[in-house]
Amino acid sequence: MIERVIEGKALIRGRIEECCIGVEGGRIVSLKKILEGEERIRIRRGLILPAGVDLHVHFREPGFKHKEDFSTGSLSALYGGITCVADMPNTDPPTLDRLSLKEKILLAGKKSFVDFLIYVGITDRNLDRLDELSSIARIFKIYLGETTGNLCLGAENLERLKEMEGKKLLVFHAEDRSCLEERSFIARDLKGYARSRPKVCEALAIRKILESLGRSKHRLHISHISSLLGLRELEHREDNVTVGVTPHHLFFNVIDDYDKGTFLKVNPPIRGKIDQEGLMESLINGDIDILESDHAPHTMEEKLTDFESAPCGIPNVETMYPLLIYYFLKKGLPLDRLVRAIAEKPAEILGVRKGKIEEGMDADLAVFNLKEVRVIRDEDLHYKCGYSPFSGYKAIFPEKVFIRGEEGIDGEDCLIDKGFGRYLG
Ligand code: NCD
Ligand code: ZN
Ligand code: ZN
């Protein structure tokens, strides 16, 4: 008999239906109307969706544990319905070689509540060791412009990445360094900040990426698109190129949200209303492939300094799925589009067996009671930084979250230990 059966209303192959999800060894082994199981979990209220996969988080360890650590970050992810994350290399030490990667995997393995992957950064500093880098990882982060951590690769070096062995996932922070250097000035508020890192630098970086690597064997992903000008560069992209957007670029603009000041200081910057609305439309119609949180927490104290010296980044991982479920429902948009963007496609990009309720996939599920709309409050979130710019926004948080068939979250309770998460490198 099947180990465990989770039964309820679920989104399967684009349709909502009553179903029994049979789980063995953490994987979905059967989907049937009726299934016998040694253990049965009946979901009476709510809709069972695939749990989310977030390919862009900064859990800040090692080096910046005062901002977040792998436990608090991954617990926040789990409470937000995300069961798999990929962590960025701008830590201290930065993840730029075999040793730093190994140490981060060990550390995260002890502390993570959710499954994880780790990016290795490619910068001007380690570019001469592409062979070694190719042999230790399959997912890489490339910052083309200066941002938290200063791990830049000059765009003139992009061509070199063709040399890398095998088929890699290359994820880009697309703002062109020399363009930023020419145009930037010291900004004193959000509107100034947007002008100091103009959209043309985003568009230019994307153009250079496509020119240098567009037809390479690698998979290319443009992170956190902020402008329609940038997105236009991607109109005729090949299948190996994807683009992601963050909740903050979808929900905020520099006019209406001007007063949030440093709490919305982020790279690439928050733009105007036309970009904000255009990006949401592009996510809905599929011109933007995926959602990614770019969860980048800094402490309250760091954010409360003057605009000029405040660090860039916004915490996001716990609120992303809940905010978007609420938004899609309110607007009467199809939930399967959201699920494709937040679970299925990011899993495909990372090459992990998650993101779909289908035989052979990990049984990673998030149960949302669609009637349970809640207002986001700082004190209900699990971030170390203790704040969210989305406080006051309406959202639907998952009531239960399963990871590899185990019940990880049940209401307010977490039922698994840290260290449950596995490296999916
Ligand atoms: C990120 C951070 O703080 O690590 N900051 C940000 O403004 N997005 C770095 C990044 O993703 O650019
Ligand atoms: Zn970035
Ligand atoms: Zn980031």
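Residue numbers count from 1 along this sequence. Whatever order the structure lists them in is the order used to number ligands and atoms, beginning at 1.
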Item to check | Lys/Arg N to Asp/Glu carboxylate O, Asp364 vs Lys354, below 4.0 Å | outcome: yes
Checklist entry - Taking both backbone and side-chain atoms of His58, is any N or O found less than 3.5 Å from an N or O belonging to ligand 1? => result yes
Checklist entry - Looking only at protein heavy atoms, which one is nearest to atom 5 (N) of ligand 1, and how far off is it? => result Cys312 O, 3.2 Å
Next on the checklist: Between Phe368 and Tyr326 (judged by ring centroids, cut-off 6.0 Å), do the two rings come close enough to count as a pair?
Outcome noted: no
Next on the checklist: A quick test of your reading: do over 12 heavy atoms of other residues, nucleotides or ligands sit less than 6.0 Å from CD of Glu235?
Outcome noted: yes
Checklist entry - Does any N/O atom on Lys141 come nearer than 3.5 Å to any N/O atom on ligand 1? => result no
Checklist entry - How far is atom 7 (O) of ligand 1 from its nearest protein heavy atom, and which residue and atom is that? => result Asn267 N, 2.8 Å
Checklist entry - Should we count NZ of Lys191 as having more than 12 external heavy atoms under 6.0 Å? => result yes
Next on the checklist: Out of Asn316, Thr246, Thr148, who is nearest to atom 2 (C) of ligand 1 when you count heavy atoms only?
Outcome noted: Thr148
Checklist entry - Is the shortest heavy-atom distance from the side chain of Pro89 to the side chain of Tyr143 under 4.5 Å? => result yes
Checklist entry - Strictly under 2.8 Å, is any N, O or S atom of His224 next to the Zn ion (ligand 3)? => result no
Next on the checklist: Under 4.0 Å, heavy-atom basis, I'd like to know which part of Glu292 is in contact with ligand 1: side chain, backbone, both or neither.
Outcome noted: neither
Checklist outcome for this item: Atom name of the N, O or S atom of His173 nearest to the Zn ion (ligand 2) is ND1
Checklist entry - Is the shortest side-chain N to carboxylate O distance from Glu358 to Arg353 below 4.0 Å? => result no
Checklist entry - Angle class for the His56/His224 ring planes (parallel below 30°, perpendicular above 60°, tilted otherwise)? => result tilted
Item to check | Metal-centred angle, the Zn ion (ligand 3) as apex - OD1 of Asp294, NE2 of His58, 10° resolution | outcome: 90°
Item to check | Protein contact to atom 12 (O) of ligand 1 [nearest heavy atom, distance to 0.1 Å] | outcome: Thr147 OG1, 2.8 Å
Checklist entry - Which residue owns the protein heavy atom closest to atom 8 (N) of ligand 1, what's the atom, and how far is it? => result Asp294 OD2, 2.8 Å
Next on the checklist: Is the terminal nitrogen or CZ of Lys265 (NZ for Lys, CZ for Arg) located under 6.0 angstrom from the six-membered ring centre of Tyr193 and within 45° of that ring's axis?
Outcome noted: yes
Checklist entry - What's the spacing between Phe172 CZ and Leu153 CG if we round to 0.5 Å? => result 8.0 Å
Item to check | Any Lys265 heavy atom less than 4.0 Å to ligand 1 | outcome: no
Item to check | Pairwise side-chain contact, Met280 with Glu277, heavy-atom cut-off 4.5 Å (strictly under) | outcome: no
Item to check | Proximity flag Met88 to ligand 1, non-hydrogen atoms under 4.0 Å | outcome: no
Item to check | Where ligand 1 meets Val266 - atom numbers and elements under 4.0 angstrom, heavy-atom basis | outcome: 6 (C), 7 (O), 8 (N)
Checklist entry - Of all the atoms in ligand 1, which lie at a distance below 4.0 Å from a heavy atom belonging to His298? => result 3 (O)
Checklist outcome for this item: If we number the atoms of ligand 1 from 1 as shown, the ones under 4.0 Å from a heavy atom of His56 are 11 (O)
